[in-house]
Amino acid sequence: MSTPTGRRLQMLAILQSNPGISAGRLADRLDVTERTARRDVEHLRDLGYRIDAEPGRFGGTHSPRDR
């Protein structure tokens, strides 16, 4: 998917199936820069998607599922 919308939809799927994925690995999976991946995460947050991030060496990004 080459459009920003398609990439962000793909990102949501990756975040749900790979909790704790780093921004670098997410960027690799989407074939974009880490900066673009982080901007896309911010865009999804602005749209109301809850995407959490844990800083640090063993941190990562994930989209919590409803409990």
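Values below: every heavy atom of this structure, side chains too, minus hydrogens, waters and symmetry copies. Not measured: the values here are computed from a predicted model.
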Electrostatic pair R39:E42 at N-O distance under 4.0 angstrom
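Result for this pair is no, no salt bridge flagged.
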Are D40 and R38 close enough for a salt bridge, meaning some N to O gap below 4.0 Å?
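R38 and D40: not salt-bridged.
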Value rounded to 0.5 Å, distance of CD1 in I14 from CZ in R8:
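The CZ atom of R8 is 14.0 Å from CD1 of I14, to the nearest 0.5 Å.
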Distance-minimising heavy-atom pair for A37 and A23:
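Answer, listing the atom of A37 first, then A23: CB-O, 4.2 Å.
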Could you note down all residue pairs passing salt bridge (Lys or Arg N to Asp or Glu O under 4.0 Å) where residues 23-32 supplies at least one of them, sequence neighbours left out?
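Passing the test, one end in residues 23-32: no pairs.
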Side chains of Q16 and L12 in contact at under 4.5 Å (non-hydrogen atoms)
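No, every pair of side-chain atoms sits at 4.5 Å or beyond.
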Not counting sequence neighbours, which residues clear side chain to side chain contact (heavy atoms under 4.5 Å, CB included) with T33? List them please.
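In terms of side chain to side chain contact (heavy atoms under 4.5 Å, CB included), with neighbours along the sequence ignored, T33 is linked to R35, T36.
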Check the pair L26 / N18 against side chain to side chain contact (heavy atoms under 4.5 Å, CB included), numbers first and verdict last.
CA-CA 9 Å; L26 185 59; N18 298 280; over 6 Å; no
